[in-house]
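Because the structure is a prediction, the values reported are computed rather than measured. As the structure lists them, so they are numbered: ligands from 1, and atoms in each ligand from 1.
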Amino acid sequence: MPRPIEALIHVSALAHNLARARACAPDAKVWAVVKANAYGHGIAAAYEGLRGADGFALLDFAEAEQLRALGWRGPILLLEGCFETRDLELCSRLRLWHAVHNEQQIDWLAMHKTHEPHRVFLKMNSGMNRLGFTPQAFRAAWTRLNALPQVDEISLMTHFSDADALRFGQDGIAHQVAAFEAVTHDLPGERSVSNSAATLRHTPRLRSDWVRAGIMSYGGIPDFPEHDDAYWDLQPAMTLRSKVIGLQNLQPGDSVGYGSSFTADRPMRIGIVACGYADGYPRHCPHGTPVLVDGQRSGTVGRVSMDMLAVDLSALPQAGLGSEITLWGRGPKGSRLPIDEVAKAGGTIGYELMCALARRVPVTIEHID
Ligand SMILES: *Cc1c(COP(=O)(O)O)cnc(C)c1O
C-alpha cells in the first residue's frame, strides 16, 4: 500500500465556484486564473472543472501549451506577458493574448513578424507598484501600441492591492479605480480590473468586462476571516487527507517531536499522521492547528516534521490506527475544514498552501458523475 496521504481535487466544486464568479459578475466574461499549476490543483483537473470559463489566464508557456493540448481553443491570457522577444513566436503559434506592461515588450512587438496581429492587455500600475505603466506613461504606451500593425485589439488592465479589505480609510480600491478611470475613461477597448476579491466585494460599482477569478475558483476565501466560504457560497476544490499510522500515550511531562516544543501537562493519547512539511503542510502551523479526525475537530500536537505530524486523540476514544485525518478540505460525513483556517493558524493564506502541495502527494481527481 502506498503511504496513505493523498490530495483530492473536486471537479464539481470548481464548476460550482466558476458559476459563483458568473453570478457575482453577470455582465462580465470570466478568466479562470490557472497560474501556478492551477493554484496547485493541476491544469488537467482545473480544465475539467473550469472549461465553462470564457478564457484561461496564466503565466507559463508550458501551461498554455497544456491547455491547447487538452483541446482548449478559446482565449488564453499571459498575465505577465512575454519574457523575451522569442516568446512572441509562441504567442502567435498558440494564439495567446498577452499583457504588455513595459516599454521593452512594445519594442519586441514592433520587431515581431506575424501574419495575425495580436490581442494585448495594456497594464496600468494604478498603485500596486508591481507591473504596469504609470498613469502618466499609460496613454503614450497605448498610442505606440495602437500604431503597430502587429497589434489588433488593445484591452486595458490593472490590478488591485487591497480589494480584500477596508484600507486607506475607505474600500481599499477607490484610489486605484480613480487613477485608472482618470487616464482610460475615453479610451476604447475592454477592461479587466477585478481579481477574486474585487469580483466578490466590488462588482456592481466596477467596470470590468473580464473578471480574473483566481482563488475563488478553488474555493479559497480572499477576505477570510472577515468572510468565510458559507458567506460567499464557495466550495473547497482541494482536500488533503492522510491516516494515523502510529499511536502514543503521553504522561504529564512527556514531550512530542523535534525540539520538544510541546510538553503534556496531563495524560494524553496522540496519533501520528503520515503528513509533514515535505508534503506541503506548513511547518509554521503551531500546536493546536485544527485538523479533522474521522470528521471530528481536533488539533495538532507539537511541531510539524518532514514526514509526520501529531494530532490529539485524547477526546476521541474511537480514533486509532487508520483513522482518517483531514488536513484541509472535505472530511467524512459532510465535515469540512477550510484551508483558510489552517493557513491562518500557520500565519499565511490559503493561496500558499494550495500552491505548495508537494509533488510526492498523489492526486486523485474526483470527476463529476
Ligand atoms: C493571480 C492574479 C489574479 C488572480 O487573483 P486572485 O486573488 O487569486 O483572484 C488576477 N490578476 C492577476 C494579474 C494575477 O496575477
So which heavy atom on Thr203 is nearest to which on Thr199, and how close? OG1-O, 2.5 Å
When clusters are formed from ILVMFWY side-chain contacts under 4.5 Å, directly or step by step, what else is grouped with Met1? none
Tyr39 touching ligand 1 at heavy-atom level, < 4.0 angstrom: yes
For atom 7 (O) of ligand 1, what's the nearest protein heavy atom and its distance? Tyr351 OH, 2.6 Å
Within 6.0 angstrom of Lys29 NZ, more than 12 heavy atoms from elsewhere: yes
Please work out whether any backbone atom (N, CA, C, O) or any side-chain heavy atom from C-beta onward of His159 is under 4.0 Å from ligand 1, and answer side chain, backbone, both or neither. side chain
Whether the side chain of Trp31 engages the backbone of Val33 through a donor-acceptor N/O pair (distance < 3.5 Å, no angle test) should be reported. no
What's the shortest distance from atom 9 (O) of ligand 1 to any protein heavy atom, and which residue and atom give it? Ser196 OG, 2.5 Å
Closest contact, heavy atoms only, Gln105 versus Ala99: OE1-O, 3.8 Å
Under 3.5 Å between any N/O of Met157 and any N/O of ligand 1: does that happen in this structure? no
Determine, for Asp229 against Arg20, whether the closest basic-nitrogen to carboxylate-oxygen distance falls under 4.0 angstrom. no
Starting from atom 1 (C) of ligand 1, locate the nearest protein heavy atom and write down its residue, its atom name and how far away it is, to 0.1 Å. Lys35 NZ, 1.4 Å
Those atoms of ligand 1 less than 4.0 Å from some heavy atom in Ile215: 6 (P), 8 (O), 9 (O)
Could you tell me, atom by atom, which parts of ligand 1 come under 4.0 Å of a heavy atom of Arg212? 9 (O), 10 (C), 11 (N), 12 (C), 13 (C)
Given that the side chain starts at C-beta and the backbone is N, CA, C, O, which of these parts of Met216 lies under 4.0 Å from ligand 1, counting heavy atoms, or is it both or neither? neither
Which residues share a side chain to side chain contact (heavy atoms under 4.5 Å, CB included) with Ala264, sequence neighbours left out: Leu250, Phe262, Met268
